[in-house]
2 protein chains.
Amino acid sequence: MNGVNEPSRRPSRAEQRRGTETRILEAARRSFAELGYERTTIRAVAAAAGVNGGLVMHYFGSKEELFSRAAKLAPDEVAAGTPDEVAGALLELLRKRLVDEPVASLAVLRSMLTHADAAEDFRAAAVRRLEQLTAVIPGTDAELRASVLNAIINGVLVERYLLRLGRLADASPDEIVDLLRPCFQSLTGRDQAM
Amino acid sequence: MNGVNEPSRRPSRAEQRRGTETRILEAARRSFAELGYERTTIRAVAAAAGVNGGLVMHYFGSKEELFSRAAKLAPDEVAAGTPDEVAGALLELLRKRLVDEPVASLAVLRSMLTHADAAEDFRAAAVRRLEQLTAVIPGTDAELRASVLNAIINGVLVERYLLRLGRLADASPDEIVDLLRPCFQSLTGRDQAM
DNA sequence: AGTTTCGGTCAACGCACGTATAATGAACGG
DNA sequence: CCGTTCATTATACGTGCGTTGACCGAAACT
């Protein structure tokens, strides 16, 4: 009667656990991204994941720990090259984020703004990313340029996904990236005295 | 014994009231800017203003209302002109914000990200500002350009004052503005087919 | 003067949250 | 088949918050 291809075996305890754990993490990510750290409640996350609130505590120990686990994201590297290449790489990075709307990085971003303490780890990660970006930009003010580039990327993401303001909220990634290319090329030091 | 020029008259009730009210509003602005909407507590604001918590309620009725009153800010107009002039005007606007670190606009910005409901009014204001900016930018994609410009301004402010990340946190306004000039000129449509 | 108005304090309520702990029942290992 | 483990639930505790209403005392008014 039931599907033949189905294993139909009841999931093992380990599978079960992994399953609910990721369901909780996904729900948490969504909530942190949409509501920020403070307004995200453990009970609501649990409900969205279809489990009891106590379980979230049992698995993650505390809200802060849940946040850390939910908002972990792979560091994005940007290779060295000519200014235009660096600009291109950064724009590709931005495009990727615009295309798949990375819930995790939104969770970090929004939560860094709502509860800096909770996002202390991510400050460190952001600083590292800045340093790395600085290293591939020429000029004496590379540090500032990197910082501004970072600010623009975050600004665009914030306005599109968090504030949902203006055309940036619905424009195609390609339009946005194309519009920003001259900006990025200027900031990565295209007309810099080497 | 006391200063001769001092009126030394005890302040009238109306003066008294206005005084404490503005003290409360200032304290609220600072708190909203630094902590965001959620983490700002009425009691803390009251304490910072040197009054009792109940009084804040008495004067403003609710936390939301306090926020609305505290975060009111004058709309900033940007005059029409050539693309380079518009860019210049926008940069001046940014410079002003970088120089006097406008607590009010930070309060709005941070709170729009922490509690969108509370900042509904300010969304409307932001939309109006965007429309106005769109009107002075040439080209068919003026709307998107305006939105991106707005995103950059907010991104820079967020990174400098809210995240305090990288060199943007301590660089001089002039440096920042100079660095962004080419960006803004490109976005205001300097090389646009009219 | 007496009375009203009103800036301001104080103590309390109700609620929602993070968290802790005990209990349940099914999977697991022998 | 029995004891253990462990995923999961139910319940309760403590706290801090927004909000309320009663109260006090001095200014304002007549």
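In what follows, every heavy atom counts, from backbone to side chain, and hydrogens, waters and symmetry copies are set aside. Here is how names work: the chains are called A, B, and so on, in the same order as the sequence lines, proteins then strands, and each is numbered from 1. None of the values given here were measured: they were computed from a predicted structure.
- In this entry the distance linking CD1 of Ile24(B) with C1' of dG8(C) reads 10 Å, nearest Å.
- Residue Ser12(A) has its side chain nearest to dC28(C) when only dG18(C), dT9(C), dC28(C) are considered.
- With the nearest nucleotide of DNA chain C identified for both Ser62(A) and Arg13(B), Arg13(B) has the one nearer the 5' end.
- Remark: Gln16(A) is in phosphate contact with dT8(D), judged by side-chain N or O atoms under 4.0 Å from OP1 or OP2.
- Atom CD of Glu65(A) and atom C1' of dG18(C) are 15 Å apart (whole Å).
- Looking only at atom types and distance, the side chain of Thr114(B) has no donor-acceptor partner in the side chain of Glu38(A) under 3.5 Å away.
- The backbone N or O of Leu168(A) lies less than 3.5 Å from a partner atom in the side chain of Arg160(A), making a donor-acceptor pair.
- Looking at every heavy atom in both residues, Pro138(B) comes nearest to Pro83(B) through CG-CG, 4.3 Å.
- Between the P atom of dT8(D) and the CZ atom of Phe60(A) lies a distance of 11 Å, rounded to the nearest Å.
- When each of dT19(D), dC17(C), dG8(C) is scored by its nearest atom to the side-chain atoms of Leu55(B), the top-ranked nucleotide is dG8(C).
- The aromatic rings of Phe122(A) and Phe67(A) sit perpendicular to each other, their planes meeting at more than 60°, with 30° as the lower class boundary.
- Residue Arg39(B) contributes atom CZ, which lies 13 Å from atom P of dG16(D) at whole-angstrom precision.
- One interatomic measurement links the two molecules: NE2 of His58(A) to C1' of dA10(D), which rounds to 14 Å at whole-angstrom precision.
- Residue Ile42(B) is classed as a sugar-phosphate contact, given heavy-atom separations below 4.0 Å to backbone atoms only.
- Here Tyr59(B) reaches the OP1 or OP2 of dG8(C): one of its side-chain N or O atoms lies under 4.0 Å away.
- Counting to the nearest Å, the C1' atom of dG18(D) and the CG atom of Asn52(B) are 14 Å from each other.
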Should Glu21(A) and Phe60(A) be marked as a side chain to side chain contact (heavy atoms under 4.5 Å, CB included) after you check the CA-CA gap, both sets of side-chain angles, and the distance that decides it?
CA-CA 9 Å; Glu21(A) 208 173 273; Phe60(A) 299 94; 3.7 Å; yes

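- Rounded to an integer number of Å, the gap from Glu38(B) CD to dG18(D) C1' is 12 Å.
- For Thr20(B) and dG7(C), the shortest distance from a side-chain N or O to OP1 or OP2 is not below 4.0 Å.
- Taking for each of Glu21(B) and Tyr37(A) the nucleotide of DNA chain C with the nearest heavy atom, the 5'-most of the two is the partner of Glu21(B).
- If you check distances only, the side chain of Arg43(B) does reach the base of dG18(D) with a donor-acceptor pair under 3.5 Å.
- The distance between atom CZ of Phe67(A) and atom P of dT19(C), rounded to the nearest whole Å, is 14 Å.
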